[in-house]
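These notes concern the structure reproduced below.
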Amino acid sequence: MSTRTLVSPATLARPRGKAVYWTVFTAVVVLFAIAFLFPVYWMVTGAMKSPDEVARTPPTLAPKEWHLSGYSDAWDLMQLPQHLWNTVVQAAGAWLFQLVFCTAAAYALSKLKPAFGKVILGGILATLMVPAQALVVPKYLTVADLPLIHTSLLNDPLAIWLPAVANAFNLYLLKRFFDQLPRDVLEAAEIDGAGKLRTLWSIVLPMSRPVLGVVSIFALVAVWQDFLWPLMVFSDTGKQPISVALVQLSQNIQLTVLIAAMVIASIPMVALFLVFQRHILAGISAGSTKG
C-alpha cells in the first residue's frame, strides 16, 4: 500500500519538482531555527549592550558597542558561583533521591505485583489532580517541624530533596516503560538465578536508559526553575538557589547585568539537555531487543 504525500513521487522525480521541494523544505527549517534561536540571541546580545541601548525604542538588532563587562559584573556582583553551587547541590540531590525511590516504586508496582498495587497506583495518580499551590502550606508545615523527630529542615537541602521524591508523574512514566519491557528477558534472568534486585540492576536499568534520561531531565529542570518553594524554605540568602537569588539581588542591579546573569544561569540546563539527548539516543539502540 503506497503512502500519499503532498507532492507526488512523479513530481519529485523531475528536476523542477526537486528544486521546489528542497527550497520549501530549507525555508521552513530556517524559519523554525530563527524562531527558536532568536530569543537566545536577543538575550545573549542584550547583556552586551549599554543600559541606555537596552532601553532604547525601537530596539537595536545588534549592539553598537560590544560590552562584555556585563557578564563579569553579573558573576561578581550577584555572587553567581555560590548560588549556582547551591542550585547544583539541591538539583543533584533531588535527582538522585527521585531516581532511586521512583525507580524502585515503579519496578515494584510493575513487576513485583504487590497486594493492592492498583489501589496504591490509583492513589498516587490521584495526587496529580491536586494543584501544586494547594500543597505548599502542608509541605512547609511538614519540613518546618518534621513529624516524629520534630526537626526543622528549613535552610537545609533536604527540604528540597525529600518533597521532590513524591513525583507521581515520573513514577507513572517509569512504570509504563517497565510494563512494556519484554517479559521473556526477565524470565530468562530468573531462570539463570537472578533475584529481583539483581534483575533490576543488571537487566531493567540498562534497558531503561531512555526513560531514565527523560526522567532525569524532568527532575533536574523542575528543581532548577522552581522559585516559590525555595523562596519559602531558604531564608538564608547564602543558601538560596539561582532562581531565587536572581530576583532577590535584582533590585539595585543594572538591566544588562541581570540579563547576563540569566544567560549564565541558563547555560547548565542547555548543556544538560544536549548531554542527555545523546544518552537517550544511545539508550534506545542499546536497550532494543530482537524478537
Side-chain angles (χ1 to χ4, degrees), residues 82-110 120-121 123-149 151-178 200 205 208-236 238-248 265-266 268-273 275-276 279-280:
Q82 178 183 359
H83 295 295
L84 283 173
W85 174 248
N86 294 339
T87 311
V88 169
V89 172
Q90 296 166 21
W95 164 76
L96 182 61
F97 272 71
Q98 194 172 141
L99 210 61
V100 171
F101 288 100
C102 286
T103 300
Y107 177 71
L109 292 172
S110 175
I120 296 173
L121 180 62
I124 293 173
L125 295 179
T127 61
L128 293 174
M129 295 182 289
V130 181
Q133 293 79 3
L135 301 176
V136 170
V137 174
K139 284 199 303 182
Y140 182 82
L141 295 176
T142 301
V143 301
D145 185 15
L146 208 61
L148 300 180
I149 60 176
T151 300
S152 175
L153 297 181
L154 299 180
N155 292 316
D156 192 304
L158 285 172
I160 302 294
W161 297 349
L162 296 183
V165 174
N167 192 307
F169 177 78
N170 285 345
L171 190 150
Y172 181 71
L173 192 65
L174 287 165
K175 181 189 178 300
R176 290 295 299 169
F177 188 88
F178 292 160
L200 171 63
L205 291 183
S208 305
R209 280 182 289 179
V211 71
L212 292 178
V214 174
V215 169
S216 298
I217 292 176
F218 288 163
L220 292 171
V221 171
V223 176
W224 199 276
Q225 69 179 6
D226 194 12
F227 171 76
L228 179 60
W229 181 243
L231 176 65
M232 295 180 63
V233 298
F234 287 107
S235 58
D236 186 354
K239 297 182 179 181
Q240 291 176 344
I242 191 67
S243 59
V244 178
L246 287 178
V247 177
Q248 299 282 48
S266 63
M269 284 295 97
V270 175
L272 178 72
F273 173 78
V275 170
F276 272 103
H279 284 285
I280 290 172

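What you see below is based on every heavy atom in this structure, not just the backbone, and it leaves out hydrogens, waters and symmetry mates.
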Query raised in the report: Step by step, would you call Phe101 with Leu162 a side-chain contact (heavy atoms from CB on, under 4.5 Å)?
Result: CA-CA 10 Å; Phe101 288 100; Leu162 296 183; over 6 Å; no
Report summary line: Rounded to the nearest 0.5 Å, the OG atom of Ser152 sits from the CG atom of Leu146 at a distance of 9.0 Å
Query raised in the report: If you measure from CD on Gln90 to CG on Leu158, what distance do you get to the nearest 0.5 Å?
Result: 11.0 Å
Query raised in the report: Can you name the nearest heavy-atom pair linking Ser208 to Phe178, along with the distance?
Result: OG-CE2, 3.2 Å
**Report entry** Evaluation steps, side-chain contact (heavy atoms from CB on, under 4.5 Å), between Thr142 and Lys139
**Finding:** CA-CA 5 Å; Thr142 301; Lys139 284 199 303 182; 5.6 Å; no
Report summary line: Between the CG atom in Leu200 and the CG atom in Leu205, the distance rounded to the nearest 0.5 Å is 4.5 Å
Query raised in the report: Any sub-3.5 Å donor-acceptor pair from Gln82's side-chain atoms to Gly238's backbone N or O?
Result: yes
**Report entry** Greater than 12 external heavy atoms within 6.0 Å of Ile149's CD1
**Finding:** yes
Requested in this report: For His83 and Gln240, work out which heavy atoms get closest and say how close.
Outcome: ND1-O, 2.9 Å
Report task. Could you walk me through whether Asn86 and Ile242 pass side-chain contact (heavy atoms from CB on, under 4.5 Å), step by step? Result -> CA-CA 8 Å; Asn86 294 339; Ile242 191 67; over 6 Å; no
**Report entry** Nearest-0.5 Å distance that lies between atom CG in Asp156 and atom CZ in Phe234
**Finding:** 7.0 Å
Query raised in the report: Yes or no on side-chain contact (heavy atoms from CB on, under 4.5 Å) for Leu174 and Tyr107, after CA distance, side-chain angles and deciding distance?
Result: CA-CA 8 Å; Leu174 287 165; Tyr107 177 71; over 6 Å; no
Report summary line: Heavy-atom nearest pair, Ala168 first then Thr127, reads CB-OG1, 3.5 Å
**Report entry** Backbone of Asn155 reached by a side-chain donor or acceptor of Asp236 within 3.5 Å
**Finding:** no
Query raised in the report: Can you tell me how far the CZ atom of Phe169 sits from the CG atom of Leu125, to the nearest 0.5 Å?
Result: 11.0 Å
Query raised in the report: Taking side chain as C-beta onward, heavy atoms only, is Asn167 less than 4.5 Å from Phe97?
Result: no
Query raised in the report: Considering only heavy atoms from C-beta outward, does the side chain of Tyr140 approach that of Val137 to under 4.5 Å?
Result: no
Report task. Report the distance from atom OG1 of Thr87 to atom CE of Met269, rounding to the nearest 0.5 Å. Result -> 9.0 Å
Using distance only, find each side-chain donor-acceptor pair of residues 210-233 under 3.5 Å and give its atom names and separation, not counting sequence neighbours.
| from | atom 1 | to | atom 2 | distance (Å) |
| --- | --- | --- | --- | --- |
| Ser216 | OG | Trp95 | NE1 | 2.8 |
| Ser216 | OG | Leu212 | O | 2.6 |
| Trp224 | NE1 | Ala265 | O | 3.2 |
| Trp229 | NE1 | Ala159 | O | 2.9 |

